[in-house]
Visitor: 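The structure is given below, and queries will be raised subsequently.
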Amino acid sequence: MSLSPHHDGSELYVPEQEPTLGQTVPVFVRVPEGTDVRQVHVRTTGDGEPRFVEATVDRRDGHDVWWRADVEVRNPVSNYRFMLTGTTGYRWLNAAGTVDHDVPDHGDFRLVSHAPPPAWARDALVYQIFPDRFARSAAADGRTPPDWAVPCDWDTPVIGYGPQTPRQFYGGDLDGITERLDHLDRLGVNTVYLTPIFPARSNHRYDAAGFDTVDPLLGGDAALVRLADAVRARGWRLIGDITSNHTGDAHEWFTRALADADAPEREMYYFDVPTGGGEPTYESWNGVRSLPKLNWGSAELRRRFATDPDSLLRRWLRPPYGLDGWRVDVANMTGRRGADAYTHEVARLLREVVAQTRADGLLLAEHGHDHTGDLDRDGWHGTMNYVGFTDPVWSWLRTGPGDHAPLPNFLGTPGGVRRRDAHAVLATMNSFRSLISWRSYVHSWQLLGSHDSARIRTVVGDAARQEVAAGLLVTLPGTPVVFAGDEWGLTGGNGEGSRTPMPWHRPERRDAGTFAAYRALLALRRDTPELRHGGLRWVYADADTLVFLREATTGTVLVLARRVAGAPVRLTGLPATGSTGSGPAGENLHGGAPALRPAPDGGITLPGDGPTFQVWRL
């Protein structure tokens, strides 16, 4: 193994992480000694014109030479890359790595001068709750199920497919969540994300019938105040879920628009869609008639949704509710329809309104596929990184050796996710990471599953591989998100089937070992600054093994993930071990393996057991 020249945009390489327009900031590139690099230039494209700045040697540190150059933040998003010249010519170093051929600018590193995401988001450990299935308070027993519902006992099996799937009603409520916050505290999270809480005609509530009140079935507005107060009392954050792409067909905006072609609400939807019989109808999300699509070309929609003093976006961010931000449902389709292309405009508007209402508010976009064209603007702070994290982790860990049977489905992909080796996983992760800024990458949500996917336990099949998956969740850059129940090893074969009621009263359904692993891993993330703020350098991969470094000014940690047992891995050329303020060199931080002891030549050997997840301090 030999390390390559490296830069990733993290604080170790770009000390100024929140640059302003017009500022000049230093950038560093790390070149291992002995590499054929005799000269370094930084190429920028300010105002669309390439320019080169020669870098100088800043320092020599152990096995590395650090080169420095100053880059002007000329535009709101300023691209740069490194030109490494040696005896045989030059190579480029961009966000995808080193290449010996010319490449387009879209893979360059980026300095972003738009207002940064809220500072607290970098340290968030998010817990996702689907309210109908988390917990019932005593008050839930006195509520009459709605006419659309199929009432279920808490032990009733979830139906993953069919007409009853969105109608199964278990009666979980917000006071039930409040009563179970000690569980979240024991687990070690610090941010609660609720899927929708507004009135609707389904258990998932993405078909909102209104945005002005909390669903009475969840306890109403007062229950949200009690939950928000309890969350804030613990020093945590609370995030809501808003649908910007559509409403439900029972929403008063839509019912008025449908009843009267001259109603002001009419322009807020699309009513120009022809049917086979020639009768006009309306656009809906993926043809689902109960989810009519919003038309963001409408000034009336923008006013009601966002800009009004008491708009729905603002109202729930203010006291007494005080949500800390929004996860935006179907953000990828919001404002997109045929020739209409309002997505970036809408994202900018929503972010502006959130920032006006509370300066530390978060705006996080749902995106199930390629999100790279929608980030690094003045809109979404980050995305749900299904395609750059969830999908590749699933494909690597999902089955045992030799089994290539596909999963039933991954967010609509025919045939699901097939098993791949670590080289393909790494290539997938790097492909998407390299097309966004470091800022957008670390503020995006990494998740092993959600209410829209199979559960990770079903994907990987056992507790050992789930621990490997959870280890990657907490040690790679990005915001870790745990879907309620994953910490107990709950199962589910698709999005609806994974919306499993929490088995509070059924200890036999709870995997105590998995809970202990999640608790230890979340504590590791919380207590290790390199995992929260460090850069990322991949150092080794074979079909069954991934090894990487998280490096920060506070030190370096080494991470090993294996899906099966194999030969020990010998590494050389790593940063020199030595005592740090955070613990002794070579100390095993997770997994119980022995401390790393360098051989006389400086190399170290990582164990070959597996499945395993190990972390050491260098």
Visitor: With under 30° as parallel and over 60° as perpendicular, where do the rings of F271 and F254 fit, or are they tilted in between?
Guide: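 Ring orientation, 0 to 90° scale: parallel.
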
Visitor: Taking all atoms of both residues into account, what is the closest heavy-atom pair of D215 and R205, and its distance?
Guide: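 Distance-wise, the nearest heavy atoms are OD2-NE, 2.9 Å.
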
Visitor: Could you please spell out the steps behind the side chain to side chain contact (heavy atoms under 4.5 Å, CB included) verdict for M268 and S298?
Guide: CA-CA 5 Å; M268 296 162 60; S298 165; 3.6 Å; yes

Visitor: May I ask you to decide if the ring planes of H7 and Y80 are parallel, tilted or perpendicular, using 30° and 60° as cut-offs?
Guide: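 Answer is perpendicular, since the angle exceeds 60°.
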
Visitor: For Y270 together with Y282, are the ring centres under 6.0 Å from each other?
Guide: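 Between Y282 and Y270, the centre distance exceeds or equals 6.0 Å.
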
Visitor: What closest approach, in Å, do S113 and T20 show between heavy atoms, and which atom pair accounts for it?
Guide: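 It is CB-C, 3.9 Å.
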
Visitor: Counting only heavy atoms not in W236, do more than 12 sit closer than 6.0 Å to its CH2 atom?
Guide: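 For W236, atom CH2 is crowded (more than 12 foreign heavy atoms under 6.0 Å).
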
Visitor: If only side-chain N and O atoms count, and only distance matters, is there a donor-acceptor pair under 3.5 Å linking T383 with N385?
Guide: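 Short answer, no.
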
Visitor: So, W394 versus F389, ring centres under 6.0 angstrom or not?
Guide: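 Ring centres of F389 and W394 not closer than 6.0 Å.
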
Visitor: So, do Y206 and H451 have ring centers that fall under 6.0 Å from each other?
Guide: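 Here the rings of H451 and Y206 have centres that are less than 6.0 Å from each other.
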
Visitor: Aromatic ring centroids of Y13 and W438 under 6.0 Å?
Guide: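 Y13 vs W438: aromatic centres not under 6.0 Å.
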
Visitor: Examine the side chains of R289 and T281 and answer whether a donor and an acceptor come within less than 3.5 Å of each other.
Guide: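 On atom types as modelled, these side chains qualify, holding a pair under 3.5 Å.
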
Visitor: Does the pair T247 and L294 meet the rule for a side chain to side chain contact (heavy atoms under 4.5 Å, CB included), with working shown?
Guide: CA-CA 7 Å; T247 66; L294 291 166; 4.0 Å; yes

Visitor: Should the pair E265-R304 be classified as a salt bridge under the 4.0 Å nitrogen-to-oxygen rule?
Guide: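 A salt bridge links E265 with R304.
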
Visitor: Between D376 and S437, do the side chains contain a donor N or O and an acceptor N or O under 3.5 Å apart?
Guide: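 Yes.
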
